[in-house]
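All remarks here apply to the structure that follows.
Chain A is the first sequence line, chain B the second, and so forth, proteins listed ahead of strands; every chain is numbered from 1. Hydrogens, waters and symmetry mates are skipped; everything else that's a heavy atom, side chains included, is used. All values reported here derive from a predicted model rather than from experimental measurement.
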There are 2 protein chains.
Amino acid sequence: MVLARLILGLLCLSPMTGYELKKHFDSSINHFWNADKAQIYRTLAQLVDKGYATVRTVPQSNYPDRQEHHITEAGREVLTLWLSDGPVESPERDPFMGQVFFAAELEREDIEKLLVKRREATQFILDDYLSQREGIDMRAAADRRSFLMAATLDNAIRQQAAQLEWLDAVLEYLP
Amino acid sequence: MVLARLILGLLCLSPMTGYELKKHFDSSINHFWNADKAQIYRTLAQLVDKGYATVRTVPQSNYPDRQEHHITEAGREVLTLWLSDGPVESPERDPFMGQVFFAAELEREDIEKLLVKRREATQFILDDYLSQREGIDMRAAADRRSFLMAATLDNAIRQQAAQLEWLDAVLEYLP
DNA sequence: CACAGTTAGTTGATTTTGCACCCACTTTTG
DNA sequence: CAAAAGTGGGTGCAAAATCAACTAACTGTG
């Protein structure tokens, strides 16, 4: 459901192949969603089925044909409807917090190990997001679309930063 | 997979029925996980199948029999193994950020509406978490188990607070 | 007294997701 | 020159998750 909307959103920016969509999920929007490529191709087929997108086969000289997917008017409507329908709630699912919640089953030093390793991973992700932000032309952020896109990355950065602070606090006060 | 571990974790705290597990998912650990009750009962059956839990039917006078699930030694091992195996990565999936990312399809005032409504929802969740924290005996947090459980709630509070700040910033600077 | 809510659990159908694998060709790199 | 990585598109299968209903008794409230 969400995946279908996100794909429509991306197709709204420009017509794309499933392959290119996968690249976007892995790079430009990896800070708020990820998707298996099998899932992308299947959802794409569904969208075409429902008339929310059309395919145009573009032959290439050296590479396989591009199955370029274009959003239709109906597709644009579905997307706008999703956005107008108010904010969706975010599922609040974090398996790592589950590990922390039950971490008392471990020895104190193993708990510390868990937290320290998580700290490293979080720092790594944060650094990735920060370098992604460097690649954004801040002058372009005057335009609303770019501003909103940059904003979601900013949110991800704040979330990771907050988690880092929290990890430090937990490591400091852990009894 | 994660659900099975979380259920083992809860059964580790005390033997429980599927019904009681559902209540925990809805109240005490709702800040980092939720689960459909059908899924809980099915996972419970799997755990018994694999020998990670056992059932004891406890008859009651006025209410239906309790199918009390107890964790076994094998179950405890699986749980500890999950915790020792290092931190799991958190999937980073937020459909609302998807809405923001593509919100430029809407008029400026509709974008604001989206953000304001989200602000309200976030505030509501934050207030819920804050009142949950009030219910926690802070003297008990000297014990490691209580400390870690309280810490996960603290993390959820920080995350929601960070999001509130972000929403305010976006609303202020939205072009 | 009717109605809503609580306790406890179950079933079926459907969707979503993840994992592994496959094709065929091209370009880059050690 | 061989191996790896990139381009582009799939299939099959199983596990996980969600939705919706259904059973069946009891308790509290207006």
Under 4.0 angstrom, heavy atoms only, what part of the nucleic acid is [X] near: base, sugar-phosphate, or nothing?
{"X": "A:Arg66", "answer": "sugar-phosphate"}
{"X": "B:Lys23", "answer": "sugar-phosphate"}
{"X": "A:Asp36", "answer": "base"}
{"X": "A:Ala38", "answer": "base"}

Rounding to a whole Å, what distance do you find between [X]:[atom1] and [N]:[atom2]?
{"X": "A:Gln60", "N": "C:dA24", "atom1": "CD", "atom2": "P", "result": "19 Å"}
{"X": "A:Ile7", "N": "C:dT17", "atom1": "CD1", "atom2": "P", "result": "10 Å"}
{"X": "A:Met1", "N": "C:dT14", "atom1": "CE", "atom2": "P", "result": "18 Å"}
{"X": "A:Asn34", "N": "C:dG18", "atom1": "CG", "atom2": "C1'", "result": "11 Å"}
{"X": "B:Glu20", "N": "C:dT6", "atom1": "CD", "atom2": "P", "result": "15 Å"}
{"X": "B:Phe25", "N": "C:dA8", "atom1": "CZ", "atom2": "C1'", "result": "17 Å"}

Review point. Which nucleotide span of DNA chain D, 5' end to 3' end, has atoms closer than 4.0 Å to non-hydrogen atoms of chain B?
Key: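 Listing 5' to 3', DNA chain D meets chain B from D:dA16 to D:dT27.
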Review point. Reckon B:Tyr41 has a side-chain N or O less than 4.0 Å from the OP1 or OP2 of C:dG9?
Key: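 For B:Tyr41, the contact criterion (side-chain N or O under 4.0 Å from OP1 or OP2 of C:dG9) is met.
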**Study point:** Donor-acceptor pair under 3.5 Å, B:Arg93 side chain vs C:dG18 base
**Key:**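 No, the side chain and the base share no sub-3.5 Å donor-acceptor pair.
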Check your understanding: Any idea which heavy atoms bring B:Met97 and A:Thr152 closest together, and the distance?
Key ->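 The pair with the smallest heavy-atom distance is O-CG2, 3.5 Å.
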Exercise for review: Please round to the nearest 0.5 Å and tell me the distance separating atom CG of A:Asn34 and atom CZ of A:Phe32.
Suggested key: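 So the CG of A:Asn34 and the CZ of A:Phe32 are separated by 11.0 Å.
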Review point. Starting at the 5' end of DNA chain C, which residue's closest nucleotide do you reach first, B:Gln67 or A:Gln39?
Key: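 By nearest-heavy-atom nucleotide position, the 5'-most residue is B:Gln67.
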Exercise for review: Please figure out whether B:Lys37 or A:Leu3 has its closest DNA chain C nucleotide nearer the 5' end.
Suggested key: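 Of the two residues, B:Lys37 wins.
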